[in-house]
Amino acid sequence: MAQRLSIRTSNRTLTSLLQYIKQGSIQVPQFQRGFIWERDNVKNLFDSINKGYPVGTVFLWKPSDKSDNLTQSKLGAYTIPREGQQDYYVLDGYQRLSSLFSCLYNGDTDSISCDSDMLGKFFSLYYDANSNEFVYISRKTEPKYWQFPLNVMLVASDFRKYYREHLEIECKDEEEKERILDQADGFCSRLLDYNILCTEIENADINQAADIFSRINKEGTKVTIDWMIHALSYDKESGFNLAQTTDELLNSLQKYHFEDLSRNAIFRCFQSSFDDKIYFDQDKIERLARKDNFRKVIVDESVPAIKNAVQFLYEDLHVIDRKLLPYNSQLIFCMEFFRRIKEPSAEQKDWMKEWFWLTTYSSFFTNNSLADQRKEFQHFITSINNKDFSRPFAHYIFLKQWSLPYEFNIRGVRSCALALFVINNIFKNCPECMQDAIFRQTFTSPCEPSHAPCCTLFTDVETKAFNRIKGNSMVYYQENKSLFPYQISYNIETDKKILSASFFNVNNVDDFNERGKKMLEEEIKFIRELGVILDEE
């Protein structure tokens with residue numbers, strides 16, 4: 001019969017916690033995140049201790065079955081020993097314990113190996129007895145005699161030795177020496193007397209511990225879904241790490257300017273790769289993470305499909321920046337399209353492009369309920385499975401608003417649609433000019449609020465063409481080689497072509513009212529060709 005879960009809370013001294021770590025009684029589970037704190041976090045931790053403030057509860061887990069495969073050795077800058085009797089794993093408090101141990105440990109580095117670069121960057125912290133604050137000192141800089149490294153502050157013999165070699169020799173004023181010594185002694189005492197609240201969880205198996213880890217982080221420290229699911233999906237045999245997989249995916253999306261895509265949006269794509277359902281929340285993530293095929297589907301299907309979907313958005317629909325994607329949910333559909341069709345034909349891609357424009361201009365994900373969106377996902381999958389590419393959208397299309405937006409807000413779907421329409425028109429008419437175009441929301445001059453969309457230049461290509469036309473139209477231009485690798489030469493006719501494709505009157509680029517009128521006329525024509533019915537019709 002399984003033992004009953006036991007949870008108790010107690011105060012432990014800082015020194016006893018560090019001793020447990022040193023002897024290997026406190027270990028780090030594989031599903032913990034690495035050290036992610038910055039220097040200010042470490043300084044604030046010691047400042048709180050110095051002021052007697054609480055630094056939060058540390059959660060420690062004593063597993064029902066000991067497993068060496070569950071353990072990683074890295075805690076901050078140190079690789080802690082694994083021999084001996086392991087008692088607890090750190091469930092919550094890893095960043096704090098890493099900082100405390102790495103800053104305060106002053107033992108034999110032959111018995112506990114150390115990352116010297118990490119130690120110098122994050123944990124070379126000193127107590128400044130003059131200011132009663134904490135400062136970082138580089139290895140190339142000699143500390144002042146009133147500055148004490150934290151790794152001599154816990155052991156009296158270490159502190160006395162440092163005192164004799166620095167303060168005793170360098171400070172000639174006895175009164176100042178006593179003042180500095182009293183200040184440093186006071187901090188030492190506060191360290192020695194400091195208690196940390198610990199919650200100890202015993203007799204929990206790996207699944208229970210992962211659940212607790214997930215719930216702690218949902219209610220406390222803000223972490224992304226992929227880190228929570230990493231705790232639940234940890235596979236000690238393969239070492240599969242969902243958070244690391246997400247990091248690598250985001251890094252691969254940089255060339256499409258999608259590297260700041262929300263991690264939660266990516267996780268929605270992962271979720272929707274299972275059960276033929278689209279997910280909008282964290283519902284049943286524990287069940288999902290424990291599926292036997294979870295790792296295989298993510299690695300072999302979802303990640304490649306997301307890469308192909310983003311490449312399609314960038315190259316075929318000219319979403320040249322993640323900020324221009326009208327809805328994150330559209331990425332889920334695109335991902336599913338490429339997950340089910342590994343090498344789509346030109347006809348199938350056109351079907352997907354039409355779906356994108358229809359859902360954008362109908363504001364489908366804004367105006368329809370989650371139930372309707374789930375039905376559309378089912379229709380979408382059925383169309384792909386049945387190879388029915390006759391009509392990409394199941395719903396009656398009706399556009400309630402088709403005027404220019406009152407103001408340009410890139411977070412709004414209407415503004416994104418307008419920007420994408422203009423960018424696609426430039427690509428259509430001047431593809432060679434849009435090599436490596438960068439999205440940039442800029443304004444040529446102060447405008448009336450109702451004219452803002454007309455004044456906005458959506459890309460660096462338009463911005464530069466506009467400025468050149470307004471400056472000196474007779475000058476021959478050569479663009480920066482790093483931005484335009486094909487070294488396209490710009491002259492007045494090229495600039496006119498760019499601005500004309502962006503709906504400017506090239507003979508009067510300041511006439512924003514005319515630009516807005518032309519922009520809207522062409523956009524409405526495009527919408528009608530899609531089969532969207534306007535409200536007045």
Which residues pass the side-chain contact (heavy atoms from CB on, under 4.5 Å) test with Lys121, not counting sequence neighbours?
none

Honestly, is Arg515 close enough over Phe504, meaning NZ or CZ under 6.0 Å from the six-membered ring centre and within 45° of the axis?
yes

NZ (Lys525) with more than 12 external heavy atoms under 6.0 Å:
no

For a quick test of reading the model, state the closest non-hydrogen atom pair linking Ile320 to Phe427 and the distance between them.
CG2-CE1, 4.1 Å

Using distance alone, with no hydrogens and no angle criterion, decide if Gln330 and Thr360 have a side-chain donor and acceptor under 3.5 Å apart.
yes

Run the side chain to side chain contact (heavy atoms under 4.5 Å, CB included) check on Tyr94 and Leu75 step by step: do they pass?
CA-CA 8 Å; Tyr94 174 79; Leu75 186 109; 4.0 Å; yes

Flag the pair Lys277 and Asp275 as a salt bridge only when some basic side-chain nitrogen lies within less than 4.0 angstrom of an acidic carboxylate oxygen.
no

Determine the interplanar angle of the Tyr327 and Phe365 rings, folded into 0 to 90°, and report it as parallel if under 30°, tilted if 30 to 60°, perpendicular if over 60°.
tilted

Using 30° and 60° as the class boundaries, would you call the ring planes of Trp61 and Tyr89 parallel, tilted or perpendicular?
tilted

Under 3.5 Å, is there a donor on one side chain and an acceptor on the other for Thr199 and Thr57?
no

What orientation do Phe270 and Phe267 show, parallel under 30°, tilted 30 to 60°, or perpendicular over 60°?
perpendicular

Within 6.0 Å of CD in Glu347, more than 12 heavy atoms from elsewhere:
no

Do other residues, nucleotides or ligands put more than 12 heavy atoms under 6.0 Å from the CD atom of Glu343?
no

Taking side chain to side chain donor-acceptor pair (under 3.5 Å) as the cut-off, I'd like each qualifying pair that reaches into residues 303-313, sequence neighbours left out, listed once.
Gln311-Glu315

